[in-house]
Amino acid sequence: MKSQIKQLKAYQPGLSPEALKKKYHIEGDLHKLASNENVYGPSPKVEKAMSKAVNELYLYPEPNAPELQEAVANHYGVNQNQILFGSGLDEMILIISRALLANDEKMVTSQATFGQYKQNAIIENANIVEVPLKDGFFDLDGILNEIDDQTELVWICNPNNPSGTYHNQQEIEAFLDKVPSRVTVIFDEAYAEYATASDYPDTVALLNKYPNIAMLRTFSKAYALAGLRVGYLIGQPELVEQLNVLRPPFNITRVSEQAAIAAINDQAHLKKAVETNHEEREKFKNLDTSLKIYPSQTNFVFIETDQVQALSDSLLKRGIIARDFPNGIRITLGYPAQNETIREVLAQF
Ligand SMILES: *Cc1c(COP(=O)(O)O)cnc(C)c1O
């Protein structure tokens, strides 16, 4: 066995609401706002599309999920050979890491970001460099300083999980102008649909100018299909072709394919979810609290504190399960009433 696997643990989900209720003697409802799921749920058209696919369950899926590929290609105005699907972005991150990172090659990302970049890089025995966040933002200059001849892969999570902060088009272009073209830069845009800032990057347009980049999107967050597991990469056909060698042949099920098509074709439903989220997120600005709340372009807020345990307990007592980090707490936005409770806790803390 690869020796590096012995130093890793399998992904640890938080305690279930039932276990937490017992542990903290909570009587009322508990709201799981720890995994950035979209509480409003997917388009109602998804369920219909899924039940239609049930008639074909005895058949293996078509290679490359061609109908979904066409729907995504139309949505972005790209070619079908630029799109690759993963069983969630989790699998896409695994595929990219496995393909690009050879022994001791360098992967550069941020210290406080999505954990799967590092997990997979360790498994590939890569040389990992994590640049600390700067005031809650990816430190793009710090990352540039770390890129050298050994560097193969750079991960930029934009907007970033868990900080919720983003970099705009101008900042991203200035960064890419300085990255050597033999280095692959992957933009993980799992929360892009939630970004309402007008200067949020148009990464698909940047693909023409910077052939060394690729963009990741998922149906798990704003499209509310986390339970189905569909994510995708959009990049150059050559990269897609190479990564496709590593993709497990039937990683997208027939049911998932039809569900995702229904979801992406219902942009009105997505728009409603994004607008509601934006309104709720705005209410966390200028909140009367001594806690530092990072500006967010996602469906969660990050609260910086050195009293993580105490804040987490205060939230739990009011029925809110958030996610703890070493320097703060990430809370997924829920329904308006839940968000109101969160703001009360933050204001009183
Ligand atoms: C949730 C998340 C993912 C994984 O999403 P799946 O498509 O559900 O696997 C990837 N990257 C970031 C930044 C995320 O927050």
Side-chain angles (χ1 to χ4, degrees), residues 10-14 32-39 41-42 46 65 68 72 83-98 107 109-121 130 133 136-138 153-167 172 185-195 200-201 203 214-235 243 247-248 251-253 255-257 259-260 263-264 270 273 277 281 294 296-302 322-325 329-333:
Y11 181 78
Q12 301 282 322
K32 186 172 166 269
L33 297 172
S35 300
N36 301 338
E37 291 142 336
N38 173 0
V39 294
V46 163
L68 177 58
V72 172
I83 303 166
L84 188 72
F85 293 102
S87 175
L89 282 185
D90 285 340
E91 187 182 61
M92 190 61 67
I93 295 165
L94 181 153
I95 290 172
I96 292 166
S97 305
R98 194 172 172 197
M107 177 281 268
T109 189
S110 173
Q111 205 169 42
T113 187
F114 194 59
Q116 291 300 307
Y117 317 142
K118 183 179 184 180
Q119 179 90 352
N120 283 286
E130 298 170 283
L133 291 182
F137 287 78
F138 257 60
L153 175 61
V154 175
W155 291 104
I156 306 287
C157 190
N158 194 31
N160 184 38
N161 176 10
S163 62
T165 54
Y166 84 109
H167 284 285
I172 292 297
V185 181
I186 308 280
F187 292 94
D188 182 343
E189 300 186 346
Y191 300 94
E193 291 85 2
Y194 281 124
Y200 180 77
T203 310
M215 173 183 96
L216 306 186
R217 297 282 183 102
T218 179
F219 284 95
S220 296
K221 303 287 159 56
Y223 286 104
L225 295 177
L228 270 180
R229 317 306 301 128
V230 187
Y232 53 97
L233 171 142
I234 300 183
L243 295 177
R247 186 181 59 81
N251 62 339
I252 302 298
T253 70
V255 176
S256 306
E257 182 180 11
I264 202 166
L270 178 77
N277 182 70
R281 196 170 62 197
Y294 290 175
S296 172
Q297 283 291 311
T298 63
N299 67 333
F300 57 84
V301 287
F302 189 88
R323 173 88 189 269
D324 298 356
F325 288 86
I329 288 189
R330 187 192 70 196
I331 315 172
T332 308
L333 299 177

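Here the structure is a predicted model, which means the values were calculated and not measured. Just so you know, ligand 1 is whichever comes first in the structure, and atom 1 is the first atom listed for that ligand.
None of Ile172, Val154, Leu153 except one satisfies the side chain to side chain contact (heavy atoms under 4.5 Å, CB included) rule with Val185; the exception is Val154. For the pairing with Tyr191, the side chain to side chain donor-acceptor pair (under 3.5 Å) check across Asn158, Asn36, Asn160 returns one residue only, Asn36.
Scored by the side-chain contact (heavy atoms from CB on, under 4.5 Å) test, Pro42 finds Val46, Ala224, Leu225 as partners (sequence neighbours excluded).
Residues Tyr117 and Asp188 have side chains that bring a donor and an acceptor to within less than 3.5 angstrom of each other.
Between Lys32 and Glu37 there is a salt bridge, since a side-chain N of the basic residue sits under 4.0 Å from a carboxylate O of the acidic one.
Checked against the 6.0 Å centroid threshold, Phe137 and Tyr294 do not count as a close aromatic pair.
Residues with a heavy atom under 4.0 Å from ligand 1: Gly88, Leu89, Asp90, Phe114, Cys157, Asn161, Asp188, Ala190, Tyr191, Thr218, Ser220, Lys221, Arg229.
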